[in-house]
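As the structure is a prediction and not an experimental result, all values here were calculated from the model. Letters go in sequence order (proteins before strands), and every chain restarts at 1.
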Amino acid sequence: MPAITLPDGSVRSFDGPVTGTTVAESIGAGLAKAALAMEVDGQLSDIRQSIKADAKVRFITKKDPESLELIRHDAAHVLAEAVQDLFPGTQVTIGPSIEHGFYYDFFRPEPFTPEDFAAIEAKMKEIVARAEPFEREVWPRDAAIAFFEERGESFKAELIRDLPETEDISIYRQGQWLDLCRGPHLRTTKDVGTAFKLMKVAGAYWRGDHRNPMLTRVYGTAWRDQKELDAYLLQLEEAEKRDHRRIGREMGLFHFQEEAVGQVFWHAKGWRVYSVLQDYMRRAQTRHGYQEVRTPQLVDRGLWEASGHWDKYRHHMFVATVEDEDKTLALKPMNCPCHVQIFRHGLRSYRELPLRMAEFGACHRYEPSGALHGLMRVRGFTQDDAHIFCTEDQIAAETVQFVQMLHEVYQDLGFEHVRVKFADRPEQRAGSEAVWDKAEAALKEACAVAGVEYEYNPGEGAFYGPKLEFVLRDAIGRDWQCGTLQVDLVLPERLDASYVGEDSAKHRPVMLHRAILGSFERFLGILIEQHAGRFPLWLAPVQVVVASIVSDAAPYAQEVAAALRNVGLVAEADARNDKINAKVREHSVGRVPVILVVGRREAEEGTVAMRRLGSQAQEVLTLDQAIATLSHEATPPDLRKKA
RNA sequence: GCUGCUGUAGCUCAGUGGUAGAGCACUCCCUUGGUAAGGGAGAGGUCGACAGUUCAAUCCUGUCCAGCAGCACCA
């Protein structure tokens, strides 16, 4: 006698086990038609599943976010059927829904190409139109293995073998085709709809392990209706337009070339943005009580052995030798061991703690070639790195202060939305279990004190300690992990850092590793994409162009530009013999935030006609007014607050 | 690193087994024009590198390098 409790609190009783379909019908024809699936006691399930006991039931319709996930997962099944129909002999493996869509991994000697997409999509639409019901069956394990083995589906058979004994082997049929799947699914293939599109093919390792065979992955996107699909495709175009590699080239900010793979040639304009950001960070650090240091690029291998990095990362380090000397040095891949050397230099007292040591540390790592990606992943980069040497008692207070500083910085840089993840001990790690217990507990407690809410990111900590990862969201909804705070009880031990306590005995300090931007290179990439190259005035590589209309006004244009430079603005005069239309266009395309147009009139009156990027309006100001307005606006946010 | 794709002028791209083209950008000339492209001329390329096939290779084949997408990696 199952009693079904609905979200509105009403209860319906049935004589025996009932399917969701029946329950929905009992409520109304409209719901029966709209209900795609259901949630039984919080568990998503097929609507045709029968409910045997009392339960809370909620029906999933297209309006619910869960429907998207179902549509995408079912689209993957439809894709797999279409592919096996068109390309016999292709083995199926897995095909989940993902953010924005779905994929399916196939095994086939010949990879697919995007030219195959039209045929596959057409076949998928055919399958959708057939409205095949998704039917769930539970098979005996051995029979399922034998079935897939016989069909030559060895990957599927392997999956079944590895499923826990307790789990049902569920098979979903759609007409003639079937697949091993946990479910749940929609009612029929028709519910998938036609708002899907195959996007790209790529390789992917079987079970995500690089020692396994490479499969061919077909990516698709799927939505509830055409409008959603179109909006998504538009957003992709938008992201492409914001690509920092493209904008970097267009604005002349930086370039890469073969002779220095994965390293940035910063051009004057790009370096200006970099420098402004670095100056800003330096002020923030000073304000928060950091002392800035600088440590060597090339450091003897022995130090890396002592820190444990040689053992774990030697293949990712650039190593240098000198012919006349029997020594191996490595370009530093990180700064911590060097900072410990400064800490160790001379006796340290507990009175000096917490000691906050910062460095804009230039590091080099031999990143795998396939990982390189514009400014986002490079081999030579500069961290806004710092290490806080402190006592265990100071961890919480330092965390509070760091989190506050990080939020200040992100806010000043225009990022409002920040999430935090807590990454705990990885499989490969240094330090005893007891030390890890202590470090994780300390960091958790510090979060509690700092009022930081986090989600877990299990097993993703650094090899020497747990970490907080700070993830910010950009203007078009993408997430970037930038900041980090790590509690390290291991390195101080390994590198023998100590201080003299109140009891005049030696003690081990705790080391907090922290960064806010992560690396300047990557963060500038993010900033470029965040603003689509249209930087706020204080960060813009060229802040103002003074464009003359006639050559009679050229000297005045030079004069105005010089006056702006005198108050610290980055201003250029464009006194070329060209039409004003061409100049306005060129500097607009170049994303210069402010164009001051000057002709005979302005030259005579001592005024400028100001035009802002993205607007066609112009405002005539006296030169003094323009200077006052612009120099205020170009003041970095931290300095403006004080003023 | 793995799989697939790509590599021709600064940029975007066309093209051919007989050593190359367009548009924009660049230089010069004309034009002095009031807010997103005024006109003309010129210059610019070891066709990613190295081998091989061929009478002949930018084009075909192989190796390597780099880039792109995804995977794996990210102290």
Side-chain angles (χ1 to χ4, degrees), chain A residues 103 105 110-114 199-219 243 245-246 249-250 252 255-262 304 307-317 332-337 363 365-374 376-379 381 383 385 426 428-430 460-465 467 481 484 486 488 491 513 518-519 522 547-554 576-590 595-602 609-618 620:
Chain A
Y103 67 77
D105 285 348
E110 287 279 299
F112 299 100
T113 74
M199 302 297 285
K200 55 193 162 201
V201 284
Y205 298 108
W206 167 236
R207 299 190 142 183
D209 189 325
H210 68 279
R211 288 162 301 198
N212 286 340
M214 182 67 79
L215 307 170
T216 297
R217 175 171 296 179
V218 177
Y219 281 93
D243 190 312
R245 293 167 297 187
R246 172 187 175 145
R249 189 170 55 235
E250 287 170 2
H255 86 270
F256 291 92
Q257 67 185 52
E258 287 192 28
E259 286 75 7
V261 174
W304 307 112
S307 68
H309 290 96
W310 186 261
D311 194 35
K312 191 163 154 60
Y313 290 113
R314 116 188 72 145
H315 297 296
H316 301 279
M317 289 165 71
K332 70 174 170 187
M334 36 134 52
N335 310 296
C336 0
C363 297
R365 296 178 184 174
Y366 184 74
E367 300 287 4
S369 56
L372 301 176
H373 181 92
M376 300 301 186
R377 189 84 178 268
V378 286
R379 287 184 177 159
F381 55 95
Q383 296 175 321
D385 200 6
Q428 218 192 327
R429 58 180 179 262
E460 295 295 318
F463 77 88
Y464 47 71
K467 64 179 175 187
Q481 195 219 300
T484 183
Q486 307 165 7
D488 181 2
L491 272 187
H513 306 238
S519 95
R522 179 160 174 276
S548 58
I549 296 171
V550 292
S551 41
D552 287 351
R576 290 175 303 172
N577 173 12
D578 241 323
K579 294 190 88 166
I580 190 63
N581 290 4
K583 294 185 187 181
V584 166
R585 178 184 150 77
E586 183 176 320
H587 301 300
S588 299
V589 168
I595 300 175
L596 298 182
V597 175
V598 296
R600 277 198 195 93
R601 205 158 59 222
E602 286 78 8
M610 181 155 75
R611 179 187 166 122
R612 304 270 186 169
L613 181 59
S615 156
Q616 284 171 27
Q618 50 173 318
V620 178

Would you say a side-chain N or O of A:Ser369 is under 4.0 Å from OP1 or OP2 of B:G1?
yes
Set of side chain to side chain donor-acceptor pair (under 3.5 Å) partners for A:Asp552, sequence neighbours left out
A:Arg600
For A:Ser519, give me all partners under side chain to side chain donor-acceptor pair (under 3.5 Å), at least two apart in sequence or on another chain.
none
Test of understanding: with side chain to side chain donor-acceptor pair (under 3.5 Å), list the residues that count as partners of A:Ser548, not counting sequence neighbours.
A:Lys583
A:Leu596 CG to B:G34 C1': how many Å, rounded?
15 Å
Over how many whole Å does the gap from A:Leu372 atom CG to B:C65 atom C1' extend?
13 Å
Suppose we screen for salt bridge (charged side-chain N to carboxylate O under 4.0 Å, His left out). Which residues come up paired with A:Asp578, at least two apart in sequence or across chains?
none
Give each protein N/O atom lying under 3.5 Å from an N/O atom of nucleotides 42-51 of chain B, with the pair distance.
none

Do A:Gln616 and A:Arg611 come close enough that some side-chain heavy atom pair is under 4.5 Å?
yes
Less than 4.5 Å apart, any side-chain heavy atom of A:Val378 and any of A:Glu367?
no
Going by the rule ring-ring contact (aromatic ring centres under 6.0 Å, His included), which residues pair with A:Tyr219 if we only count those two or more places apart in sequence or in a different chain?
A:Tyr103
Using a 4.0 Å heavy-atom cut-off, write out nucleotides 70-75 of chain B from 5' to 3' as B (base contacted by protein), S (sugar-phosphate only) or - (no contact).
BBBBBB
Between P on B:U12 and CG on A:Asp243, what's the gap in Å once rounded to a whole number?
12 Å
Encoded 5' to 3' (Watson-Crick or G-U under 3.5 Å; [ ] crossing; | other strand), RNA chain B becomes (((((((..((((....[..)))).(((((.......))))).....(((((..]....))))))))))))....
To the nearest angstrom, how far is A:Arg576 atom CZ from B:G33 atom P?
18 Å
Hits for side chain to side chain donor-acceptor pair (under 3.5 Å) against A:Arg365, two or more places apart or cross-chain, chain-then-number order -> none
The salt bridge (charged side-chain N to carboxylate O under 4.0 Å, His left out) partners of A:Glu460 (sequence neighbours excluded) come to none
Of all residues at least two apart in sequence or in a different chain, which pass the salt bridge (charged side-chain N to carboxylate O under 4.0 Å, His left out) check with A:Arg379?
none
Starting from P on B:U35, measure out to NE2 on A:His587 and report it in whole angstrom.
16 Å
Partner residues of A:Arg217 under the salt bridge (charged side-chain N to carboxylate O under 4.0 Å, His left out) criterion, sequence neighbours left out
A:Asp105
If you check every side-chain atom of A:Val550, which of B:U32, B:G34, B:A36 has the closest atom?
B:U32
Rounding to the closest angstrom, what is the interatomic distance between B:G62 and B:A37 at atom C1'?
47 Å
Base B:G34 to side chain A:Glu602, donor-acceptor N/O within 3.5 Å cut-off
yes
A:Glu250 CD to B:G10 C1': how many Å, rounded?
14 Å
Does the side chain of A:Arg249 get closer than 4.0 angstrom to OP1 or OP2 of B:U12 through an N or O atom?
yes
Within the structure, does a side-chain N or O atom of A:Arg612 lie under 4.0 Å from either OP1 or OP2 of B:U35?
no
Return the value, rounded to whole Å, for the distance between atom CG of A:Asp578 and atom C1' of B:G34.
14 Å
